[in-house]
Amino acid sequence: MPASDRLGWPRLHARRLDSTNTLARALAGAGAPHGTLVTTDEQTSGRGRQGRSWSAPAGQALLCSWVLREPGRLVSLAAGVAVAHVCGASAQIKWPNDVLIDGRKVAGILAEGRPAERWVVLGIGLNVAVDLAQLPAELRERAGTLGLRPHDRETVLASLRTQLQHWLAAGEQEVLAAVAALDALRGRRVSWDSGHGTAAGLDPSGALLVRDDAGSVLALDAGEVHLTQGHLTT
Ligand code: BTN
């Protein structure tokens, strides 16, 4: 069976977990096979990128983590493309892999791995049916939702599996072209820890290219940089 066909098996679902990524990482470290999927209805300590937390009202978001063995180097970007395709024609990607609709974040992705052991856990939170009024005040203005019903989460999961099968197996050029076509930042002003400039696409490694005000082009690495665009931080 091709590796892409094993995505989602075995699957563990719990009503409540601290974090699907935390459990999936433990399973990966204990030898869980490629494709293992952890889902939950509610997280008590959902985690986001760069030490941030991730919150979603119980039962309203798709909360899932996938164990991937032998991941490609653009796995995190490929996941962003997959999620954006699930979210529909108006979805865009805010580098590296936030998925936005009308400028509001509907999904976030946290890839955590052990490069030496050749595995990564791909954690995805997707606001399928989130009532934005139930989110903490600081998230309410910038979060979005697909506006579906809670029981649609399983249909969305099936669609996500199909998209991940395609995009995780895609070549780097195909992934980079897809990100470029969905790029929410290109041509926009962005600030990072030590400067500001205009987003100018991605380099072949998936780093964000920015042109600073002196005209120099820099490549920013997703793991290192805190990026701000308007009021959104990534
Ligand atoms: C981000 O935008 O900062 C990434 C958010 C990732 C959230 C998902 S929800 C499922 C999985 N489990 C976690 O604890 N985090 C990821």
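None of the values given here were measured: they were computed from a predicted structure. Each ligand, and each atom within it, is numbered from 1 in the order the structure gives.
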Original post:
Are Val67 and Leu17 linked, directly or through other ILVMFWY residues, by side chains that come within less than 4.5 angstrom of each other?
Top reply: no

Original post:
Are Thr44 and Asp18 linked by a side-chain donor-acceptor pair shorter than 3.5 Å?
Top reply: no

Subject >> Main-chain N/O of Arg140 paired with Arg104 side-chain donor or acceptor, under 3.5 Å >> reply: yes

Original post:
Asp213: what forms a salt bridge (charged side-chain N to carboxylate O under 4.0 Å, His left out) with it, not counting sequence neighbours?
Top reply: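 Salt bridge (charged side-chain N to carboxylate O under 4.0 Å, His left out) check on Asp213 returns Arg189.
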
Subject >> Residue shell around ligand 1, heavy atom under 4.0 angstrom >> reply: Ser19, Thr20, Asn21, Gln43, Gly46, Arg47, Gly48, Arg49, Trp54, Leu63, Cys64, Ser65, Asp98, Lys105, Gly108, Ile109, Leu110, Gly123, Ile124, Gly125

Original post:
Quick one: ring-ring contact (aromatic ring centres under 6.0 Å, His included) partners of Trp119, sequence neighbours excluded?
Top reply: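 Partners of Trp119 by the ring-ring contact (aromatic ring centres under 6.0 Å, His included) criterion come out as none, since no residue qualifies.
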
Please table the atom pairs, donor to acceptor, closer than 3.5 Å between any side-chain atom in residues 132-139 and protein atoms at least two apart or in another chain.
unit_1: Gln134; atom_1: OE1; unit_2: Gln60; atom_2: NE2; d: 3.3
unit_1: Gln134; atom_1: NE2; unit_2: Asp131; atom_2: OD2; d: 3.1

